[in-house]
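Only one structure is covered here, and it is reproduced in the block below.
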Amino acid sequence: MVEGLAATLSRDDVDTDQIIPKQFLKSTGRAGYGGACFFDWRYDAEGRDRPDFELNDPAYRGAEILLAGRNFGCGSSREHAVWALAQMGFRAVVAPSFADIFCTNALQNGLLPVALAESDCADLQLRARRRDGYRLVVDLRAQEVRDREGRRAQFQLDPFWRECLLAGLDPLGMALREEAAISAFEQARSPLLPNTRHRWE
Amino acid sequence: MEAQRTAYHKIWGAHRVAGDPLQRMLMYVDLHLVHEVTSPQAFSGLRAAGRRVRRPDLTLAVMDHVVPTWERTRETPDPVGREQLRQLSENCAAVGIPLLDLYHRRQGIVHVVGPELGLTQPGMTVVCGDSHTATHGAFGALAFGIGTTEVEQVMASQCLWQAPAPTLEVRVDGQLGQGVTAKDLALGIIREIGVAGGQGSIVEYSGSTIRALTMEGRMTVCNMTIEAGARAGLVSPDQTTVAYLEGRPAVPRGREFAAAAERWLSFASDPGATFDRQVRIDASQLEPFVTWGTNPSMSVPVGARVPELAQLPSGSAREAARRALAYMGLEEGTAIEEIPVDRVFIGSCTNGRLEDLRAAAAIAAGRRVNPRVRAMVVAGSGAVKRAAEEEGLDRIFRDAGFEWLEAGCSMCLGMNPDILSPGERCASTSNRNFEGRQGAGGRTHLVSPAMAAAAAVLGHFADVRQLEPADLGAAAQGR
């Protein structure tokens with residue numbers, strides 16, 4: 001369950017190049033991306049906050065729930081985009097739809113991608129845009145987003161991921177528990193399939 | 001009688017390790033491609049957990065994203081990029097993953113190199129920490145990009161948990177006009193279905209136009225599947241696929257080749273197999289496209305104008321267009337052919353293969369790059385570069401004033417020294433015109449290789465059909 005201040009980013013098709021520009025992909029770690037999140041939209045050439053960027057609004061400071069537009073996270077597969085959002089303080093993104101790779105990356109990191117109906121998204125955004133400290137609860141167990149005014153909206157998360165997140169299961173651990181099945185599969189693979197152990201010339 | 005199945009369903013069914021194929025199953029990965037940018041955290045994760053790489057022999061690493069395109073004897077300039085390259089070398093050496101490093105003859109963009117070596121074959125599952133992994137779908141493989149956590153999962157288990165996806169058939173019939181290429185087809189499809197049009201789906205490209213494409217053309221089309229938001233895109237394998245693969249290093253020879261080919265063709269969609277959705281495209285209606293905005297669906301035919309905002313549907317689409325025009329520094333209603341360019345980039349996993357370079361060279365031959373333009377040609381791989389040089393394409397480009405550079409991702413995403421300066425406008429054969437993609441403040445227009453070459457010589461966008469292409473054989477001998 002996530003409870004926190006909601007902020008809006010009112011545009012569709014936000015790509016992961018915008019969430020974390022390429023110059024920040026050269027780090028070899030998983031930390032330190034929060035300050036670079038939305039870098040080109042967020043800062044001017046002198047590194048000052050751009051007043052015209054929605055998320056720079058002081059009323060959104062400390063926001064933990066991002067209300068975004070359609071097809072959020074499209075483009076590059078860079079997981080750095082999810083790390084950056086999480087390190088900027090977000091714990092859930094609520095949008096009408098998400099790009100597939102972004103969605104998986106978010107789930108792998110416990111950043112909840114919550115897909116709501118367009119009309120619900122529009123309504124929640126309207127409320128958050130009052131900028132009066134509008135807070136939301138994202139309840140994974142009930143698969144519901146709600147506010148203190150009694151507005152509720154249902155969402156559906158893939159049962160696999162819901163279970164993983166609620167029970168704290170790790171997909172890799174679950175895969176490795178299938179060792180016998182993996183080995184059996186490998187035994188039965190066609191010998192015609194290629195491998196990478198060549199002297200590539 | 002067994003139901004007619006699509007290529008996707010056949011591959012899906014053949015890769016179940018555990019779990020329920022109708023809900024979520026553990027899927028085996030036949031080929032894992034790795035590069036320097038999205039792998040370091042995966043290797044550290046494995047080390048921290050004390051896990052080994054299960055199948056280094058089904059994994060291939062390539063240096064491509066941050067490598068400079070200048071001569072290999074010069075050092076990679078920025079220390080952070082150098083560190084990524086160093087870590088990839090060390091990580092691969094430590095766990096036994098074969099690596100095509102900066103100095104390897106076969107180095108190149110991972111999605112150009114895999115197919116070139118014959119590593120991508122029909123019926124396989126291919127993943128890589130890069131969204132343009134969709135390229136490999138051209139072979140009738142199920143190929144998609146993954147994040148770094150999944151890179152780690154594949155390294156450790158050679159498997160991924162996957163849910164089945166709905167299918168979308170993009171059926172393209174009719175003949176592409178002269179000067180209209182696979183790139184224009186890709187842009188035309190995205191223009192039709194939108195940047196989220198394929199969301200959640202596996203696309204199969206079919207129809208007479210797709211059948212008539214070469215493997216390189218199919219790779220260009222599949223490459224841009226991700227720009228329509230689809231999980232993966234593929235083309236059913238056929239004799240074109242088989243002929244391309246024959247003789248490649250990772251492909252069996254002799255009697256085994258015949259057996260492999262038979263196996264490959266068995267993965268083609270059955271006649272009459274049905275898809276969850278279908279879109280039809282008439283290839284004869286397509287033209288050379290130029291993007292004017294900041295996502296790949298924002299394109300018009302070269303002879304058209306930048307859209308008038310008032311003619312777009314009101315609401316978020318018009319708002320996105322308004323923002324895009326402001327970023328691109330364009331006035332609504334401007335004729336595309338009146339837009340001047342500062343830079344030209346020919347290369348990338350979309351358009352960095354030999355046929356792409358030939359198409360660009362045919363326009364460049366006997367002409368000169370306009371003095372206002374800096375034009376670069378970056379081969380998709382070392383092998384592409386050598387093959388082009390054998391044909392004399394390098395001389396044609398150099399004589400025309402193009403820079404002829406070493407292989408890598410280069411200015412497709414500007415993680416190496418090749419970037420646009422703020423405000424610079426580029427005709428680019430790459431795949432993304434996102435804000436800042438080729439350099440902060442840079443303005444990218446996506447086009448085909450021939451259209452990029454035409455923009456280079458004229459200094460503005462131009463209809464390549466108005467320029468007489470050279471006979472490349474004669475042009476190369478003419479020296």
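Both backbone and side-chain heavy atoms feed into the values below; hydrogens, waters and symmetry mates do not.
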**OP:** Counting only heavy atoms closer than 4.5 Å, note whether Leu100(B) contacts chain A via side chain, backbone, both or neither.
**Re:** side chain
Original post:
Say you draw a straight line from CD of Gln87(B) to SG of Cys92(B); how long is it, rounded to the nearest 0.5 Å?
Top reply: 11.0 Å
**OP:** Output the option from Arg78(A), Arg189(A), Met174(A), Glu179(A) having the highest count of non-hydrogen pairs under 4.5 Å with chain B.
**Re:** Arg189(A)
Subject >> From CA spacing to verdict: side chain to side chain donor-acceptor pair (under 3.5 Å), His65(B), Asp130(B) >> reply: CA-CA 10 Å; His65(B) 278 59; Asp130(B) 188 282; 2.9 Å; yes
Subject >> From Gln121(B) atom CD to Arg248(B) atom CZ, the distance as rounded to the nearest 0.5 Å >> reply: 11.5 Å
Original post:
Under a 4.5 Å heavy-atom cutoff, which of Gly69(A), Ala181(A), Pro159(A), Cys74(A) has the most pairs with chain B?
Top reply: Ala181(A)
Original post:
Taking Gln158(B) for the side chain and Val29(B) for the main chain, is one N or O donor matched with an acceptor at less than 3.5 Å?
Top reply: yes
Original post:
Minimum heavy-atom separation for Gly129(B) to His35(B), with atom names?
Top reply: O-NE2, 3.0 Å
Subject >> Rounded distance [0.5 Å steps], OG1 in Thr59(B) versus CD1 in Ile97(B) >> reply: 5.0 Å
**OP:** For the residue pair Leu33(B) and Val62(B), establish whether any side-chain heavy-atom pair is separated by less than 4.5 Å.
**Re:** no
Original post:
Quick check: are there more than 12 heavy atoms from other residues, nucleotides or ligands sitting under 6.0 Å from CD of Glu163(A)?
Top reply: no
Subject >> Minimum heavy-atom distance Arg253(B)-Pro249(B), with the two atoms named >> reply: NH2-CA, 4.4 Å
Subject >> Residues of residues 45-68 of chain A contacting chain B, heavy-atom criterion under 4.5 Å, by residue number >> reply: none
Original post:
Between Cys159(B) and Tyr28(B), which heavy-atom pair has the shortest distance, and what is it?
Top reply: SG-CD1, 3.8 Å
Original post:
Does any non-hydrogen side-chain atom of His15(B) lie less than 4.5 Å from one of Asp30(B)?
Top reply: yes
Subject >> Derivation of the side-chain contact (heavy atoms from CB on, under 4.5 Å) call for Phe144(B) and Gln162(B) >> reply: CA-CA 11 Å; Phe144(B) 53 89; Gln162(B) 290 284 303; 3.5 Å; yes
Original post:
Looking only at heavy atoms, which of residues 194-201 of chain A get nearer than 4.5 Å to chain B?
Top reply: Pro194(A), Asn195(A), Thr196(A), Arg197(A), His198(A), Trp200(A), Glu201(A)
Subject >> Top of Val151(B), Ile146(B), Val154(B), Asn295(B) for chain A proximity - count of heavy-atom pairs under 4.5 angstrom >> reply: Ile146(B)
Subject >> Sidechain N-carboxylate O distance under 4.0 Å for Arg135(A), Glu149(A) >> reply: no
**OP:** Kindly assign one of parallel, tilted or perpendicular to the pair His80(A) and Trp83(A), based on the angle between their ring planes and the thresholds 30° and 60°.
**Re:** tilted
Original post:
What part of Arg106(B) gets closer than 4.5 Å to chain A, counting heavy atoms only: side chain, backbone, both or neither?
Top reply: side chain
**OP:** Determine yes or no for a side-chain-to-main-chain donor-acceptor pair under 3.5 angstrom, with Asp40(A) supplying the side chain and Tyr43(A) the backbone.
**Re:** no
Subject >> Stepwise salt bridge (Lys or Arg N to Asp or Glu O under 4.0 Å) test for Asp57(B) and Arg55(B) >> reply: CA-CA 5 Å; Asp57(B) 61 325; Arg55(B) 295 298 299 264; 2.9 Å; yes
Original post:
Which of residues 93-130 of chain A have a heavy atom under 4.5 Å from any heavy atom of chain B?
Top reply: Ser97(A), Phe98(A), Ala99(A), Asp100(A), Ile101(A), Thr104(A), Asn105(A), Gln108(A), Asn109(A)
Subject >> Shortest non-hydrogen separation from Ser190(A) to Arg263(B) and the atoms involved >> reply: CB-NE, 3.6 Å
**OP:** Among Ile182(A), Asp170(A), Leu193(A), single out the residue with the greatest number of heavy-atom pairs under 4.5 Å to chain B.
**Re:** Ile182(A)
**OP:** For chain A, find which of Leu117(B), Thr38(B), Val37(B) contributes the most heavy-atom pairs closer than 4.5 angstrom.
**Re:** Leu117(B)
Original post:
Do the side chains of Ser76(A) and His132(B) get nearer than 4.5 Å, heavy atoms only?
Top reply: no
Original post:
Is there a side-chain contact between Gln153(B) and Val127(B) (heavy atoms, below 4.5 Å)?
Top reply: no
**OP:** Could you please state which residues from residues 11-32 of chain A sit under 4.5 angstrom from chain B, measuring non-hydrogen atom to non-hydrogen atom, sorted by number, or 'none'?
**Re:** Arg11(A), Asp12(A), Asp13(A), Asp15(A), Asp17(A), Gln18(A), Lys22(A), Leu25(A), Lys26(A), Ser27(A), Thr28(A), Gly29(A), Arg30(A)
